[in-house]
Amino acid sequence: MYNVLPMGTQDERLHIRVKPDLKEDSKVLAEIRGLTLSALIHFLLAREVQEARKNDPAEFERVRKRLSKEASHHGSPKILKAS
């Protein structure tokens with residue numbers, strides 16, 4: 001089961017660029033699934049992350065640690081918190 005809703009005040013925004021036709025098709029899919037576009041994208045990302053963690057947890061954590069270290073060296077705000 002994926003944590004799709006509710007999204008609380010602790011959530012962060014993620015800005016992505018997509019081609020207009022993909023955005024329109026995504027809106028259609030969201031409507032079919034009874035979700036908002038934001039909730040659909042959240043669901044799809046959560047599913048992919050869960051699958052990646054399950055398929056190769058060591059690799060997932062290795063990359064998470066590397067990205068976290070890079071972010072701290074560049075002064076990026078708190079990202080890549082472990083869940």
Side-chain angles (χ1 to χ4, degrees):
M1 189 68 176
Y2 305 103
N3 182 12
V4 177
L5 293 174
M7 290 189 276
T9 58
Q10 297 295 328
D11 294 339
E12 296 185 18
R13 292 179 182 258
L14 174 66
H15 299 275
I16 61 171
R17 292 177 186 245
V18 296
K19 296 195 181 287
D21 59 330
L22 179 58
K23 182 178 179 183
E24 291 307 312
D25 288 348
S26 298
K27 286 179 180 180
V28 170
L29 180 59
E31 179 75 19
I32 290 169
R33 299 263 174 97
L35 300 169
T36 63
L37 182 55
S38 179
L40 174 66
I41 292 168
H42 183 270
F43 167 78
L44 295 172
L45 284 172
R47 184 176 67 188
E48 289 299 313
V49 167
Q50 185 179 50
E51 186 176 313
R53 282 181 174 155
K54 179 182 172 190
N55 290 342
D56 195 345
E59 175 70 357
F60 192 89
E61 287 306 311
R62 184 190 67 74
V63 173
R64 175 198 296 278
K65 287 177 184 176
R66 180 182 55 81
L67 292 173
S68 183
K69 183 183 279 189
E70 288 174 8
S72 67
H73 283 49
H74 297 333
S76 298
K78 53 180 182 166
I79 63 168
L80 301 171
K81 298 180 284 186
S83 299

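Hydrogens, waters and symmetry mates play no part in the numbers below; they use all other heavy atoms, side chains included.
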### Task
Could you check R47 against E51 for salt bridge (Lys or Arg N to Asp or Glu O under 4.0 Å), going step by step and ending with a plain yes or no?
CA-CA 6 Å; R47 184 176 67 188; E51 186 176 313; 5.8 Å; no
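No donor-acceptor pair closer than 3.5 Å links the side chain of S68 to the backbone N or O of R64.
Between F60 and V49, some side-chain heavy-atom pair lies under the 4.5 Å cut-off. Proximity of K27 to K23: side-chain heavy atoms (C-beta onward) are separated by under 4.5 Å at one or more points.
We find the CG-NZ distance between D25 and K19 to be 13.5 Å, quoted to the nearest 0.5 Å. We find the CD-CG distance between Q50 and N55 to be 10.5 Å, quoted to the nearest 0.5 Å.
Placement of L35 and L44 within a single hydrophobic cluster is found when ILVMFWY residues are connected by side-chain heavy-atom separations under 4.5 Å, directly or transitively. Note: the hydrophobic cluster containing L22 also contains I41 (ILVMFWY, side chain heavy atoms under 4.5 Å, direct or indirect links). Cluster membership check: V18 shares its hydrophobic cluster with L14, using side-chain heavy-atom separations under 4.5 Å among Ile, Leu, Val, Met, Phe, Trp and Tyr.
Listed by chain and number, the residues in a side chain to side chain donor-acceptor pair (under 3.5 Å) with E31 amount to none (sequence neighbours excluded).
Between S26 and L40, the shortest heavy-atom contact is O-CD2, 3.6 Å.
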